[in-house]
Amino acid sequence: MKKLLVLLLSGFLSFAGGVKKEKKENREKILRQEIVVVAEKTRVPLLSLANSVEILNSRDLKRFQSQDLKEAMFLLPSTYTPSYNTHGIVASSFIRGVSSSRGLFSIEGIPLLDPNTYTLPLDTIPAFFLSSVETVMGPQSSLWGEGAMGFATFMSLDNEPTSSFRVMAGGMSTLSLEGKAGLSQGNLSLKAGYSYFNTAGVADNNRYKRNSVYFSSSYSLSTINFRPFVIYTNQLGYIPFIMRGVPAKDRRARDKLLLASVPVILKFRKIRLTLAPFYFRKTYTFADPNDPWGFTNSSTVVKSRGIFAQGEIPLKEGFNLVSGLTWRRENLESKNNFRINYLNLTPSYLDSWINLVYRNKKLFLSAGGGYSRSSGYGGKFSPKIAGALWLGKRAKVRASYSKGLRFPSPSQTTGLWGNPNLLPEQSEGYEGGVDFFPLNGLLLSVTGFNTKFTHLIIFDFPSWKFANVGKAEIRGLEFKASGSIKNTLFSLSILDLSAMDLVKDQELLRRPKWLVKFLVSKNIATRATVSLFFIYVGKRKDFDDQTWQTVENPAYYLLNLSAKYSLWKGLRIFLRADNLLNKKYEDIFGYPSPGRTVYSGLEFNF
């Protein structure tokens, strides 16, 4: 591992060291990077922030033809997304070692929370529908409410009045058809899209299919703007049920997801008010044709109705106040043959927040807190504070502190294995870092972080019920380097991670100690773009579902390639090659991952 790091750093530094000092506009271009919302619930330039934020824009999503949110997050620094050997079932996504079940995902600020599992199937959200994906690290319940224990991810839908079509085919009998059309006329703009994805798995020739549609619009009347949107996904995949030794063919799981909202934005002078009623529905069914008695059949329906409201008020020069709330009422029904049935459970949740932001050319400060309340568990306050200071024009120091919480899910408090005396899970995290601009067009960043989790809810075998018996600590050191020089874009991230179960005094599963990612993308002339993506995943603990023992999963590295060539105005052909070196590896122990897989396609923008 040390030799690999030395090789990568040497190559990177020699590349950067060969760069001549260019025009001042290059540094200004870096300082004007994307405006982000996720960190402070208001629009702030990325490099002003004190928190660690990662952002994928539309160019990043297209660079490797990402098919869904899982593939998009694969590109993020310090993010590991282990999955079984096909689409349709993702073990989890670990952002700095925090699993996706203890983070919060949202679309246009509307939370995608399943009160039964607290997980979002990352395959269900087509990347083709998104214009950006923002992720802020660390506990974020102070602004995003319960569920945001370790991070918060904010997805924005593409609502630009442009149209495009993309078709892709290739390995594992993959076929992808995607199209979206935009229209703008006066104060009205419309956008609609469709995505179809069909591919096979590595094992047992199980197929995965997904159909998705979305619609968004914007209509302005003087100081009022209406922005309704709806997104729907229907996906069919398979589950390696119980053990990998049991044939998984035809054990099918179907996920359906629907999110609809009608945001109304009112602007009065410099005040911005947002009101967004929303409806969320997620259904999950599992059936096995080889089970004539229906013993393994199950059905779960989750519904959520609520409202999001927020006000942004500029105060004195440099100060901005943000305050708001999200209220939602859930309805959960689950039926199966394991005596874990939930009928008409209707918990309600209230998340409110207030955040004061101050920013000038040298200093950034934010302080605030959130109050989360559940109908069954009362309320809890989560504070946050963050600050950043520029040291001259070439360096910035930053630090942040925050807390998070997650209320027990109905499946953990009711039924045969439920425990009505459970307490909310809690987290407390802090980080500190330094950002450097040693050369025009180059950014270097070093960050240390620590997050502790208490009252974690796990299944307690002695009592045969869920219990607050879990404690964990995740800490690490992260190095990042990125920039754009001439026609070349590059980024490097190195994560040294320690994720420990403090009760068992052992490593948490599927968290690699070392995670290295390197991306370089080169524009050749005016027609072609070639991108290479390298990832090294270090050794990590895993679970053998045949022996029921903890094992060590070996390290591996991959090299992916993407290339585009412009044939005509808006018409491009592209090539994508995953695992170019055909490495044999297993993200999940016992489930071989795909070898070299090549795709090609056509993209037309108009």
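Side-chain contact check for Leu575 versus Tyr565: every heavy-atom pair is 4.5 Å or farther apart. Side-chain contact between Phe229 and Lys191 is absent, with no heavy-atom pair separated by less than 4.5 Å. Annotation: side chain of Phe490 is in contact with side chain of Ile485 (closest heavy-atom distance under 4.5 Å). In this structure the side chain of Lys70 never reaches within 4.5 angstrom of the side chain of Ile125, judged on heavy atoms. With contacts defined as side-chain heavy-atom distances shorter than 4.5 Å, the pair Ile535/Leu515 qualifies. Contact of the Ser521 side chain with the Thr529 side chain is registered, since non-hydrogen atoms from C-beta on lie closer than 4.5 Å. Taking 4.5 Å as the limit, every side-chain heavy atom of Met137 sits out of range of all side-chain heavy atoms of Thr447. With a 4.5 Å cut-off on side-chain heavy atoms, Leu561 and Leu559 do not count as touching.
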| task | Evaluate side-chain hydrogen bond (donor to acceptor under 3.5 Å, both in side chains) for Thr81 paired with Ser93, printing each intermediate quantity in order. | result | CA-CA 4 Å; Thr81 55; Ser93 178; 5.6 Å; no
| request: I would like to know whether Glu108 and Arg227 meet salt bridge (charged side-chain N to carboxylate O under 4.0 Å, His left out); could you show each step before the answer? | output: CA-CA 10 Å; Glu108 300 293 349; Arg227 296 183 180 179; over 6 Å; no
| Criterion side-chain contact (heavy atoms from CB on, under 4.5 Å) on Lys517 and Thr79, from CA distance to verdict | CA-CA 9 Å; Lys517 296 185 179 183; Thr79 301; 4.2 Å; yes
| request: Mind running side-chain contact (heavy atoms from CB on, under 4.5 Å) on Leu492 and Val516 for me, showing each step along the way? | output: CA-CA 8 Å; Leu492 170 69; Val516 180; 4.3 Å; yes
| Which is it for Leu443 and Phe437 under the side-chain contact (heavy atoms from CB on, under 4.5 Å) test, yes or no, and what are the steps along the way? | CA-CA 5 Å; Leu443 167 64; Phe437 300 87; 3.7 Å; yes
| Intermediate values then yes/no, side-chain contact (heavy atoms from CB on, under 4.5 Å), Lys583 and Tyr556 | CA-CA 8 Å; Lys583 291 292 182 178; Tyr556 70 87; 5.8 Å; no
| message | Run the side-chain hydrogen bond (donor to acceptor under 3.5 Å, both in side chains) test on Asn450 and Glu473 for me, step by step, so that the C-alpha distance in whole Å, both residues' side-chain angles and the decisive distance to 0.1 Å come before the verdict. | response | CA-CA 7 Å; Asn450 183 293; Glu473 181 180 21; 2.8 Å; yes
| task | Using the side-chain hydrogen bond (donor to acceptor under 3.5 Å, both in side chains) rule, take Tyr358 and Asn360 through it: C-alpha gap first, then chi angles, then the decisive distance, then the call. | result | CA-CA 7 Å; Tyr358 173 76; Asn360 61 27; 2.9 Å; yes
| task | Any chance you could lay out the side-chain hydrogen bond (donor to acceptor under 3.5 Å, both in side chains) test for Tyr585 and Asn553, step after step, and finish with the verdict? | result | CA-CA 9 Å; Tyr585 69 101; Asn553 209 350; over 6 Å; no
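Considering OG1 of Thr223 and CG of Asn225, their distance stands at 10.0 Å, rounded to 0.5 Å. Atom OH in Tyr599 sits 5.5 Å away from atom CZ in Arg576 (nearest 0.5 Å). Separating the CD1 atom in Ile231 from the CD1 atom in Ile107 is a distance of 4.5 Å, to the nearest 0.5 Å. Within the model, atoms CZ of Phe151 and CD of Gln140 stand 10.5 Å from one another, a figure rounded to the nearest 0.5 Å. The distance from the CZ atom of Phe449 to the OG atom of Ser400 is 11.5 Å, given to the nearest 0.5 Å. From Ser366, atom OG reaches atom CG of Leu356 across 8.5 Å, with rounding to the nearest 0.5 Å.
Scanning both residues, Leu405 and Pro424, for their nearest heavy atoms gives CD1-CB, 4.5 Å. Minimum heavy-atom separation, Ala39 to Leu49: CB-CD1, 3.8 Å. When all heavy atoms are compared, the tightest approach of Leu75 to Ser66 is CD1-OG, 3.9 Å. Nearest heavy-atom pair across Ser48 and Ala388 is O-CB, 4.0 Å. Contact detail for Ser142 and Trp353: the closest heavy-atom pair is O-CB, 3.3 Å. Considering every non-hydrogen atom in both Arg398 and Val446, the closest pair reads NH2-O, 4.0 Å.
A donor-acceptor pair under 3.5 Å is absent between the side-chain atoms of Ser106 and the main chain of Ile110, judged by distance alone. Looking at Glu134, its side chain never comes within 3.5 Å of a backbone N or O of Val36 through a donor-acceptor pair. In this structure, the side chain of Arg511 engages the main chain of Gly97 through a donor-acceptor pair within 3.5 Å. For Glu146 (side chain) and Asp351 (main-chain N/O), no donor-acceptor pair under 3.5 Å exists by modelled atom type. Asn51 places no side-chain N or O within 3.5 Å of a backbone atom of Val53 that could act as its donor or acceptor partner.
Aromatic pair Phe381/Tyr371: centroids not less than 6.0 angstrom apart.
Under the 30°/60° scheme for interplanar angles, the aromatic rings of Phe64 and Phe533 are found to stand perpendicular. In this pair, Phe129 and Tyr214 present their aromatic rings tilted. The plane angle is within the 30 to 60° band.
Around CZ of Arg475, the count of heavy atoms belonging to other residues, nucleotides or ligands within 6.0 Å does not exceed 12. Surrounding NZ of Lys522 are more than 12 heavy atoms belonging to other residues, nucleotides or ligands, all under 6.0 Å away.
Arg102 forms no cation-pi arrangement with Phe453, by the criterion of a distance under 6.0 Å to the ring centre and an angle within 45° of the ring axis.
Under 4.0 Å is where a charged nitrogen must lie from a carboxylate oxygen, and between Arg540 and Glu507 no such pair does. The residues Glu428 and Lys452 are annotated as not salt-bridged, no charged nitrogen and carboxylate oxygen being separated by less than 4.0 angstrom. Classification of Lys62 and Glu603 as a salt-bridged pair fails, no side-chain N sitting under 4.0 Å from a carboxylate O.
Pairs of residues two or more places apart, or lying in two chains, that qualify as salt bridge (charged side-chain N to carboxylate O under 4.0 Å, His left out) and include a residue from residues 36-58 are Glu40-Lys384, Glu54-Lys480.
Ser58 and Ser131 form no side-chain donor-acceptor contact under 3.5 Å, judged by distance and modelled atom types alone.
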